[in-house]
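One structure is given below, encoded as structure tokens.
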Amino acid sequence: MDYYIKTTIKIEPVDAIAREILIAQLSQLGYDSFMETDSGVEAYISSQQFSPINPENLPFLSSPQYRFSISTEKLEEKNWNIEWEKNYFKPVIIDGQCLVRSTFHEAPSQKPPYEILINPQMSFGTGHHETTTLMVRQLLKMELKGMNVLDMGCGTAILSILASLRGASKITAIDIDSWATQNAIENLKLNKIANVVVEQGDASCLNNKMPFNLILANINRNIILQDMPIYDKVLKNNGYVLLSGFFNSDFEQINKVAKKLNWQHISTKEQNNWIALSYRKNITGK
Ligand SMILES: C[S@@+](CC[C@H](N)C(=O)[O-])C[C@H]1O[C@@H](n2cnc3c(N)ncnc32)[C@H](O)[C@@H]1O
């Protein structure tokens, strides 16, 4: 059965940079929710993606100027989510245009152009993380009318909901985590969105899918590097790809694969070292 695992990492001496590096490296391992605490970081991952952390898969643990103590806890009860959600999830407005809030937040008196209701239940995608913000910003600028969109690593389905509100005609939302897909379905209902199909799985689900005009993938560097050639197979000629979940320092590696696939680099957007890249396939019409 699926459950969540909470990993508590105490850092000594604790500081903001250490927390940030730790969160970055944990996110590459598939951790999808974090709380910064007075003594370090609490990180959450589904049991399906969990493997114990050590200096080999989390190099920051070898850092000589810090000492770390690590403990893990299995979280079986769904109710504990509510506490996490209420403590962590505050309404957020992105570029003055897109409000992301939960049902327990008060509705604003003046509605912005887009309002997304999310009950996150531990799924990633509340609009607070830099990578989500960067993806939302890009979506707010693009013309999406009539597009067939793929949202890989959909989390709460925040990007699918926005794509639908902005006129995409059909959206396929996929996540490897069954909690995320359940939550995505709940959030789609909450927002009365009917043109999104949710599937649990990874890029291997993409065989036989109709080609997409736009692929969104906010996951992590390693998964994205591995999956880019698969995305290419289901991307229409002149279609767009928006990628995030990695850092400035990962750009060269990702761009090298994109070049091989003949994707033209359109833009790089950055926030606190996290980046989002946009590409267009075969723009030359080759
Ligand atoms: C960084 S979150 C992004 C959530 C949301 N799309 C957003 O932009 O906020 C990444 C999501 O990818 C999912 N994921 C991780 N590995 C995956 C894989 N190989 N295929 C599909 N989804 C994956 C995680 O479960 C998580 O929900």
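We count ligands from 1, going down the list as the structure has it; atoms in each ligand are counted the same way. Here the structure is a predicted model, which is why all the values come from computation and not from measurement. In this chain, residues are counted from 1 in sequence order.
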Asp202 and ligand 1 - part of the residue with a heavy-atom distance under 4.0 Å: both

Under a 4.0 angstrom heavy-atom cut-off, which atoms of ligand 1 come close to Leu159? 6 (N), 8 (O)

Indicate yes or no: does an N/O atom of Asp175 lie under 3.5 Å from an N/O atom of ligand 1? yes

With a 4.0 Å cut-off on heavy atoms, is Thr131 touching ligand 1? no

With heavy atoms only and a cut-off of under 4.0 Å, state how Gln49 meets ligand 1: side chain, backbone, both or neither. side chain

Intermediate values then yes/no, side chain to side chain contact (heavy atoms under 4.5 Å, CB included), Gln138 and Lys269: CA-CA 9 Å; Gln138 300 282 314; Lys269 303 287 175 198; 2.8 Å; yes

Check contact between Cys154 and ligand 1, using heavy atoms of the residue and a distance below 4.0 angstrom. yes

Take Glu42 and Thr8 through the test side chain to side chain contact (heavy atoms under 4.5 Å, CB included) and record every step on the way to the result. CA-CA 5 Å; Glu42 286 172 8; Thr8 304; 4.1 Å; yes

Which part of Asn218 is near ligand 1, with near meaning a heavy atom under 4.0 Å away: side chain, backbone, both or neither? both

Trace of the ring-ring contact (aromatic ring centres under 6.0 Å, His included) decision for Phe60 with Phe68: CA-CA 10 Å; Phe60 189 56; Phe68 300 93; 5.5 Å; yes

Between Tyr279 and Asp232, is there a side-chain donor-acceptor contact under 3.5 Å, judged purely by atom types and distance? no

Using a 4.0 Å cutoff against the non-hydrogen atoms of Asp177, which atoms of ligand 1 qualify? 25 (O)

What residues, two or more places apart in sequence or in another chain, satisfy side-chain hydrogen bond (donor to acceptor under 3.5 Å, both in side chains) together with Gln49? none

A student comparing Gly155, Ser204, Gly153 should find that the heavy atom closest to atom 6 (N) of ligand 1 comes from Gly153

Asn187 side chain to Asn191 side chain, donor-acceptor N/O pair below 3.5 angstrom: no

List every atom of ligand 1 that sits less than 4.0 Å from any heavy atom of Gly201, numbering the atoms from 1 in the order shown and giving each element. 20 (N), 21 (C)

Quick check on the hydrophobic clustering: are Leu99 and Ile193 connected, directly or via other members, by side-chain heavy-atom contacts under 4.5 Å? no

